[in-house]
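Worksheet: the structure to be examined is printed underneath.
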Amino acid sequence: MVQCSMVEEGANFLLLCAIFAMSIYLLWQHFNPPGLPPGPAGFPGIGVLPSLGPTPYKTLMELSKTYGDVMSLRLGPSLVVVLTGRRAMTEALVKKADVFSDRPPMGLLNLVHKGRGLMVAKYGPKVHGFRTLLLGTFRRLGVSTPRVDGLLRPELAALVAAMDQQAGQPTDPKALLSVSASNMICTLAFGKRFDYDDVNFQKFLGKLHNIFEISSSPLGFLILHIPAIVNLPISAIKDTISDCNFMLDFLRAIVDERWLALEARRRSEPNISEWEEPSDLLDGYLRKIGGEDAVGMSVSKEDIAHHFLDLFTAGTESVSHFLQWELLYLTTHPEVQAKVREELDRVVGRARLPSVSDRANLPYMRALIDEVHRMSSFSPLGIPRMTAHIVDIDGYIIPKETMVLTSVWDLHKDPDKWQNPDSFDPSRFLLSNGQVNESKLRQLQAFGLGHRSCVGRQFAESSVFLYTAFLLQRFFFKSPEGAPPPSLAEDPGVFLTPKPFKVCAVRCNSE
Ligand code: HEM
C-alpha cells in the first residue's frame with residue numbers, strides 16, 4: 001500500500017513538473033513567438049528598458065548595427081519592432097500600409113479621446129475619411145498656395161511686433177514661438193488669432209504645454225510602453241487628463257458658437273452648394289455635419305473638438321520646436337545666416353512681403369529648412385505605429401498588435417548616407433548649380449510615411465517657410481554679447497528640444 005501511494009505521489013509530482021514546464025514553454029512561446037526579428041534579450045517584465053539610457057534613439061541606432069534593419073525587443077512588457085533605414089520603413093509603412101497604420105494605445109490621449117480624435121485612433125474607414133476631409137479642406141483653403149499668405153500674415157506681423165518690443169535684448173525665444181505657432185493653428189482652424197496676453201488663450205496654452213511636457217518626459221515614455229500606469233494615482237497624470245478636458249471645453253465653446261452662426265446662415269441661404277469656399281477648417285468641418293460622404297462617415301460637433309485637440313497637440317509644438325532649432329542654428333552659424341539673407345534680399349528684397357510663391361526661387365532657404373529638420377530630428381523615433389494583424393517583413397514574423405518604431409534618428413544621422421552627419425551644412429542639399437538636390441531631400445523623413453504620415457505637412461511647410469522668410473527679412477539673430485556659444489545638444493525626451501538658450505533679435509538697419 002505504502003509503496004503504491006509513493007508511486008502515485010511520484011507520478012503526480014512528475015505530472016505537476018510536466019504541467020509547469022509546459023506552461024513555461026507556452027508562456028515563452030506566447031511572449032517570444034517563433035520567427036520574430038532578432039534583437040537583444042531583456043529582463044522579464046521590463047525588457048531592455050533599463051539599458052536604453054537617457055537617449056533611447058541613440059541606443060536603438062547602435063543596437064540596429066548588431067541586429068539589423070528589422071529588430072525586435074521588449075520595452076516593458078510590450079513587444080516592439082524597430083525599423084531602421086529607408087528600405088525597411090518603405091517596405092512596412094508604404095508597401096504594407098494596411099497592416100502598419102494603426103497606433104498603439106497612447107495612455108493619456110486614449111483616456112481623453114475615448115475612441116474619438118485622429119492621432120491615436122485605429123486606422124480604418126473613419127480615420128481615412130477624416131484625413132480625406134482634412135486634406136480636402138486644406139486644399140480648398142489653398143494652404144500651399146499664395147492664398148495662405150493672407151491667412152498667416154496677421155500672426156507673422158504680431159510676432160515681428162513682439163520681437164521688436166524686445167529691442168535686441170537677450171531673450172529665450174521658446175515662449176514667444178510657442179504662442180505664435182499655436183496662433184497659426186487657431187488661424188487655420190477658426191480663422192482667428194488671439195492676443196498674446198489674452199487670459200483664456202494663455203490658460204489654454206499653459207495646458208497644452210503641460211500635456212506636451214508630460215508626453216515627452218520619462219513618465220510619458222513609460223506610459224507608452226506600460227499603459228496600465230495611467231491607472232495609478234499619480235498627480236501628474238490626473239492633472240494632464242484635466243488639462244485635456246479643459247482644452248476640449250475651450251474648443252467645444254468655439255465649435256458651438258460657430259455652429260449657431262452656420263445654422264442661421266443655412267436658414268437664410270439653404271443652398272450650400274452656392275456658398276463660397278470654406279473660410280477655415282471649422283467652416284469646412286461644420287458644413288459636413290448631418291451629411292454623409294462617400295465612405296459613410298458622419299461628423300459630429302464632438303468629433304470636431306477632438307480632432308482640433310489633435311491638431312493643436314500635433315501642430316503647435318512641432319512648429320515651435322522647429323523654429324527654436326532654426327534660430328539656434330542660425331545664431332551659431334552666422335555664415336549660413338548671412339548666405340540665406342543674401343538670397344532673400346536678392347530674390348524678395350525688403351520692400352515687399354515674402355509669399356509662399358517665393359519658395360521655388362529660394363533654394364538656399366529651402367536647404368536651410370531641410371538641414372534643420374535633419375539635424376534636429378525632433379521626433380527621433382517617429383510617432384509609434386501598431387500592426388493590425390500578423391505580417392512578415394524580410395522573412396521575419398511580426399505578431400498582431402506589435403508596436404512599431406521608426407528610427408528617424410538613424411535615417412538622418414547615418415554616416416554611410418551623410419558626409420559629416422553631425423555638422424550643420426545646408427549646402428549638402430544643393431546641386432553644384434545651386435538648385436535643390438531633390439533626391440537628397442527624399443532621404444529625409446521628418447513627416448513620416450504612408451497612411452498615417454503628417455496630415456498637416458503642407459500647412460507646416462508653408463508656415464515654416466513664411467516664418468523663416470519674415471524673420472530673416474527683418475532681424476539678425478545673434479548670441480548675447482560676451483556669452484558662451486549656446487549648446488547644440490538636445491534635451492533628451494520623446495520629442496527633442498534645444499537646451500534653453502537666449503538670442504538677440506536685432507532689426508536689420510536698411511529697410
Ligand atoms: C515642422 C512641423 C511638423 C512636423 C515635423 C510633423 C511631423 C509629424 C510626424 C513625424 C507625424 C507622424 C507620422 C507617422 O506616423 O508616419 C505627424 C503626424 C501628425 N501631424 Fe504633424 N508635423 C508637423 C506639423 C504639423 C501641423 C502644423 C499639424 C496640424 C495642422 C500637424 C498635424 C498632424 C496630425 C493630426 C498627425 C497625426 C496623423 C495621423 O495619425 O493620421 N502636424 N506629424
Side-chain angles (χ1 to χ4, degrees), residues 83 89-90 92-94 97 100-104 106 109-110 113 116-124 126-135 137-138 141 143-144 148 151-152 155 177-178 180-190 208 212 280-282 284 304 306-326 369-370 372-386 403-409 411-412 444-468 494-497:
L83 301 174
M89 290 185 200
T90 309
L93 306 190
V94 179
F100 283 89
S101 297
D102 276 354
R103 300 264 186 225
M106 294 207 231
L109 284 178
N110 283 73
H113 280 311
R116 293 183 192 270
L118 183 60
M119 203 159 47
V120 296
K122 281 194 156 211
Y123 193 74
K126 199 162 179 188
V127 166
H128 174 75
F130 276 130
R131 285 183 59 106
T132 309
L133 169 61
L134 200 51
L135 291 169
T137 316
F138 278 153
L141 292 171
V143 297
S144 323
V148 83
L151 193 69
L152 301 187
E155 176 50 38
L177 294 176
S178 174
S180 179
S182 197
N183 248 334
M184 281 294 196
I185 306 282
C186 289
T187 310
L188 172 78
F190 331 121
L208 184 60
F212 211 79
D280 50 40
L281 269 186
L282 183 52
I304 301 179
H306 282 265
H307 276 217
F308 281 18
L309 180 65
D310 277 351
L311 292 186
F312 276 97
T313 45
T316 297
E317 296 290 332
S318 47
V319 170
S320 149
H321 281 25
F322 175 90
L323 295 172
Q324 289 171 51
W325 280 111
E326 186 177 65
I369 290 172
D370 289 315
V372 174
H373 276 304
R374 190 190 70 80
M375 283 295 281
S376 61
S377 298
F378 53 81
S379 180
L381 294 171
I383 299 186
R385 302 285 189 94
M386 190 176 75
M403 184 186 293
V404 178
L405 300 177
T406 48
S407 183
V408 176
W409 185 263
L411 206 62
H412 290 175
L444 284 183
Q445 197 183 288
F447 293 95
L449 276 182
H451 290 345
R452 299 307 282 270
S453 62
C454 177
V455 76
R457 176 176 186 159
Q458 290 175 329
F459 179 73
E461 286 180 336
S462 294
S463 356
V464 155
F465 169 78
L466 285 177
Y467 268 118
T468 309
V494 177
F495 301 101
L496 309 178
T497 49

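First listed ligand is number 1; within each ligand, the first listed atom is number 1. Small disclaimer: the values here were computed from a predicted structure and weren't measured.
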Around atom 6 (C) of ligand 1, find the nearest protein heavy atom and jot down its residue, atom name and distance.
Phe447 CD2, 3.7 Å
Does some non-hydrogen atom of Gly382 fall short of 4.0 Å from ligand 1?
no
Any atom of ligand 1 sitting under 4.0 Å from a heavy atom of Tyr123?
no
For Leu449, the ligand 1 atoms whose distance to one of its heavy atoms is below 4.0 Å
16 (O)
Can you name the atoms of ligand 1, numbered from 1 with element, that are less than 4.0 Å from a heavy atom of Gly456?
28 (C), 31 (C), 32 (C)
Out of Gly448, Ser376, Cys454, Ser318, whose heavy atom is nearest to atom 42 (N) of ligand 1?
Cys454
Using the rule given for side chain to side chain contact (heavy atoms under 4.5 Å, CB included), can you reason through Val372 versus Val464, listing the C-alpha separation, both sets of side-chain angles and the distance that settles it, and then say yes or no?
CA-CA 11 Å; Val372 174; Val464 155; over 6 Å; no
At what distance is the nearest protein heavy atom to atom 16 (O) of ligand 1, and which residue and atom is it?
Arg385 NH2, 2.7 Å
Answer yes or no: does an N/O atom from Arg131 fall short of 3.5 Å to an N/O atom of ligand 1?
yes
Would you mind finding which of Met184, Glu461, Arg452, His128 brings a heavy atom closest to atom 13 (C) of ligand 1?
Arg452
Taking only non-hydrogen atoms of Met119 and a 4.0 Å limit, the atoms of ligand 1 in range are 37 (C), 40 (O)
With a 4.0 Å cut-off on heavy atoms, does Arg103 reach ligand 1?
yes
Under 4.0 Å from any heavy atom of Ala314, which atoms of ligand 1 are there?
20 (N), 32 (C), 33 (C), 34 (C), 42 (N)
So the atoms of ligand 1 within less than 4.0 Å of a heavy atom of Val455 turn out to be 34 (C), 35 (C)
Between Glu155 and Ser182, is there a side-chain heavy-atom distance shorter than 4.5 Å?
no
Ligand 1 versus Arg457: contacting region, heavy-atom distance under 4.0 Å:
neither
Non-hydrogen atoms of Leu83 and Ala92 that approach each other most closely:
CD1-CB, 3.6 Å
With Leu177, the side-chain contact (heavy atoms from CB on, under 4.5 Å) member among Gln324, Glu326, His321:
Gln324
Numbering the atoms of ligand 1 from 1, which are under 4.0 Å from a heavy atom of Ala446?
5 (C), 7 (C), 10 (C)
